[in-house]
Novice: 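Below are the structure tokens for one structure; questions will follow.
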Amino acid sequence: MLATLAAESRIVAKLLETGRLSPSEAEAAHLESELSGLPVLEVLTAQGKLVDEELAQVLAELFKLRYLDLSRRSVSEPWVLAIPENLCRSKRFLPVGEVEGQLVVAVADPADRTIVTELNARIKKPVQLVVSRPDSIDSALGRIFSRARAKGAQTLGASALTTGPQVTNIAGMNMVEVVDSVIDEAVDRRASDIHVETEEDRVRVRIRIDGRMIEARAYPREVAPALVSRVKIMAKLDITERRRAQDGRFSHKSFDQNVDVRVATIPTVNGERVTMRLLGLDRGRLEFAQLGMDIELEQAVKRTIRRPYGIILITGPTGSGKTTTLYTALQEIHTVDKHIITIEDPVEYHIPGINQVQVDHENGVTFSGALRSIVRHDPDVIMVGEIRDRETAALAIDAALTGHLVFATLHTNSAAGAITRLLDMGCEPYLASSAIIALMAQRLVRRICERCKQPYLASEPERALLDVPPERKEVEIFRGRGCSRCLRSGYYDRVGIYEYVPFDKGLAELVLQRAPTSRLHEFALAHGARSLRMDAMSKVLNGLTTLEEALRVTASDIE
């Protein structure tokens, strides 16, 4: 409620005047607001001092508007569908219906006068504002638009609204508006990926939020070719080629955010499938504090990345945050006297002052070929986006042995598994054991939503999983009860869990003996390393994630 912040002091004064808030509670809320960076009204709501309905009633009284309980009022779906969904959600308003020639619109934030401006640009009717609870507006919007998508319905443009609300089939819609709306919704809901899947009877759009897929939209089957072609045009792909996979990218302005969209298409039995990965271009400097490492691990990693030579291997499945960790490490050691070159497929974020090479198989630029050439440019630090074959592995190890610091990633389940993978690729054990200086595996777990976070006492089975000592009688852990901010999931954003293994003489001897992954893992744990499961449980005890989430993500962790 950014616009309401200007009237925040008036609202708090009104609450004090009516006795809904005591002076001590107001002072405590202001203090917590300063410490947390959250608005005072959000702090009061999170503390239970002010429920959503009370806040809405106070806002209505303050702005001399009527309070409307949406649970007791029917909503005109055609009027809702006449407005773009992303606009309704971002501004948090809901057209309720027409009364005496005026369009009644429920708003969560009556101080935001841009809502009336946006509506006047689309609808030639006077607008009457009423105030409703934010969660009831969100719920109504979700219900109405979900039902409309299931039927394949979509709105007309503003020009069609001069005579009243209408709904048309998506097949008659402008695909430019459809694709822009899909991307805007995904950005608004913090999605990392958009999946457009052509099925026998429909086109399904799913988005990935905090690592979990949810269904966002469904369109009639006949729009599939036009929808896919629009994305291809934006990504500068060949719209006539439907029998092979293609890759591309484009930039998109969504609300006030610049987004880099990576596109991949592939033919399926029902038609082409499109995946769009969303990468924010407005990203600032990456810091280790943002990754979720504890102080001890952060200091150990920082010491390692300042070594003059050797290879550091980071492992984990796709989407586990490996690239973010690598970029953070590069920015940490980047100085004017260091020459850093990266080889990536693709280059996800451009880092000023670092030379980044994009793999381009069509023009012969491969990981191994680029790495061979890069060494001749005398870099101090080399980052290899992914070791995929024997040649790239051998070149990376050779570079580490000849005075370069090398960062590289591998797709393995554990840190120790990286060694086994290198040996399976054909690397000699004596070379690998001499070059490696550290191994790290990582995953991402969903973070508990701070707004609806609530504590509870761990049960005996939960205490056992957390390995709590018997003398510790009561253990408080947390979960999210679900709110409008986290889309009722109880989670908001993600945090990393890590398994860091410094490479020492003991591990080197086991590598020379070609010990299996399980033996390497056991040795690392016995000598102070912490497994992914252990780090996840630590984050449960620190209130960052839930026990259920920790167990889900580390289900394959080697015990």
Side-chain angles (χ1 to χ4, degrees), residues 231-251 260-267 272-277 279 281 309 311-315 317-319 322-324 326-327 330 334 338-412 418 421-428 431-432 435:
V231 177
K232 283 184 172 182
I233 290 170
M234 296 172 76
K236 296 181 172 59
L237 302 179
D238 184 356
I239 63 173
T240 64
E241 179 57 73
R242 299 185 178 91
R243 295 171 295 179
R244 66 178 179 86
Q246 298 186 68
D247 298 298
R249 67 194 307 162
F250 63 88
S251 294
D260 188 26
V261 184
R262 275 173 32 199
V263 177
T265 69
I266 191 170
E272 287 186 280
R273 184 191 195 282
V274 177
T275 298
M276 291 179 274
R277 186 172 186 190
L279 304 168
L281 293 175
Y309 57 86
I311 184 168
I312 301 168
L313 295 172
I314 300 181
T315 76
T318 300
K322 300 188 298 298
T323 302
T324 300
L326 285 172
Y327 281 167
L330 290 178
H334 176 45
K338 264 196 173 60
H339 180 198
I340 302 175
I341 302 181
T342 74
I343 317 162
E344 305 173 59
D345 184 20
V347 174
E348 293 195 5
Y349 298 103
H350 296 279
I351 307 175
I354 293 179
N355 301 286
Q356 295 172 271
V357 178
Q358 168 78 51
V359 169
D360 185 355
H361 294 284
E362 290 185 2
N363 293 306
V365 182
T366 62
F367 277 112
S368 57
L371 183 53
R372 189 179 290 105
S373 299
I374 281 172
V375 174
R376 294 195 284 270
H377 287 264
D378 190 30
D380 298 300
V381 181
I382 302 170
M383 185 189 101
V384 182
E386 184 184 346
I387 294 178
R388 298 176 177 173
D389 53 50
R390 177 179 181 176
E391 186 177 9
T392 305
L395 289 168
I397 288 176
D398 185 58
L401 291 172
T402 53
H404 305 87
L405 180 63
V406 180
F407 297 94
T409 74
L410 279 169
H411 287 292
T412 62
R421 178 64 55 84
L422 287 179
L423 299 186
D424 288 343
M425 286 181 179
C427 294
E428 292 295 336
L431 293 176

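As a basis for the values below, the full set of heavy atoms in this structure was taken, side chains included, without hydrogen atoms, waters or symmetry mates.
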Novice: At what distance, to the nearest 0.5 angstrom, does CD1 of Ile354 lie from CG of Leu330?
Specialist: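 Those atoms lie 5.0 Å apart.
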Novice: What is the minimum heavy-atom distance between Ala394 and Cys427, and which atoms define it?
Specialist: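 Heavy atoms only, the tightest pair is N-SG, 4.3 Å.
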Novice: What are the two closest non-hydrogen atoms of Val357 and Ala370, and how far apart are they?
Specialist: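 Heavy-atom minimum between the residues: CG1-CB, 4.4 Å.
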Novice: Report the distance from atom CD1 of Ile233 to atom CD1 of Ile239, rounding to the nearest 0.5 Å.
Specialist: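 If I round to the nearest 0.5 Å, the distance is 5.0 Å.
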Novice: Tell me the closest heavy-atom pair linking Pro352 and His334, and the distance in Å.
Specialist: O-NE2, 3.6 Å
Novice: Do Val231 and Glu272 make a side-chain contact, defined as non-hydrogen atoms from C-beta onward lying under 4.5 Å apart?
Specialist: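 A side-chain contact is absent here, since even the closest heavy-atom pair is not under 4.5 Å.
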Novice: So which atom in Asp247 and which in Ala264 form the shortest heavy-atom distance, rounded to 0.1 Å?
Specialist: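 Shortest heavy-atom contact: OD1-CB, 3.4 Å.
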Novice: For the atom pair CG (Asp424) and CZ (Arg390), what is the distance rounded to the nearest 0.5 Å?
Specialist: 12.0 Å
Novice: Say you draw a straight line from CZ of Arg421 to NE2 of His411; how long is it, rounded to the nearest 0.5 Å?
Specialist: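 Answer rounded to 0.5 Å: 9.0 Å.
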Novice: To the nearest 0.5 Å, what is the distance between CD on Glu428 and CG on Leu423?
Specialist: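 Spacing of CD (Glu428) from CG (Leu423) equals 9.0 Å.
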Novice: Only one of Val384, Ile387, Thr409, Thr412 passes side chain to side chain contact (heavy atoms under 4.5 Å, CB included) with Leu313; say which it is.
Specialist: Ile387
Novice: To the nearest 0.5 Å, what is the distance between OG1 on Thr342 and CD1 on Ile374?
Specialist: 7.0 Å
Novice: So do His377 and His339 actually touch side chain to side chain, heavy atoms under 4.5 Å?
Specialist: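 His339 reaches His377 side chain to side chain.
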Novice: Heavy-atom count check: over 12 atoms from other residues, nucleotides or ligands less than 6.0 Å from Tyr309 OH?
Specialist: no
Novice: Between Tyr327 and Met383, is there a side-chain heavy-atom distance shorter than 4.5 Å?
Specialist: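 Of all side-chain heavy-atom pairs linking Tyr327 with Met383, at least one is under 4.5 Å.
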Novice: I'd like to check the side-chain hydrogen bond (donor to acceptor under 3.5 Å, both in side chains) partners of Thr392; sequence neighbours left out, ordered by chain and number.
Specialist: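 With sequence neighbours excluded, Thr392 shows a side-chain hydrogen bond (donor to acceptor under 3.5 Å, both in side chains) to Asp389, given in chain and number order.
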Novice: How close do Asn363 and Asp360 get, counting heavy atoms only, and between which atoms?
Specialist: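 Minimum heavy-atom separation between Asn363 and Asp360: ND2-OD2, 2.5 Å.
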Novice: So, the side chain of Lys322 versus the backbone of Pro317: is there a donor-acceptor pair under 3.5 Å, distance only?
Specialist: yes
Novice: By side-chain hydrogen bond (donor to acceptor under 3.5 Å, both in side chains), which residues pair with Arg273, not counting sequence neighbours?
Specialist: His195, Glu197, Thr275
Novice: Restricting to non-hydrogen atoms, name the atom on Ser251 and the atom on Asp260 that form the minimum distance, rounded to 0.1 Å.
Specialist: OG-OD1, 4.2 Å
Novice: Are the side chains of Leu326 and Glu344 in touch, meaning some heavy atoms are under 4.5 Å apart?
Specialist: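 Counting from C-beta outward, Leu326 and Glu344 never come under 4.5 Å.
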Novice: So, do Glu386 and Asp345 sit near enough that their side-chain heavy atoms are less than 4.5 Å apart?
Specialist: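 No, too far: nothing below the 4.5 Å cut-off.
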Novice: Please enumerate all residues that pass side-chain hydrogen bond (donor to acceptor under 3.5 Å, both in side chains) together with Thr265, with sequence neighbours excluded.
Specialist: none
Novice: Any side-chain heavy-atom pair from Asp398 and Leu431 closer than 4.5 angstrom?
Specialist: no
Novice: So, Gln358 side chain and Val365 main chain: donor-acceptor pair closer than 3.5 Å or not?
Specialist: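 Judged by distance alone, no pair lies under 3.5 Å.
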Novice: Are the side chain of Lys232 and the backbone of Glu241 linked by a donor-acceptor contact shorter than 3.5 Å?
Specialist: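 Side chain of Lys232 to backbone of Glu241, a donor-acceptor pair under 3.5 Å: yes, one is there.
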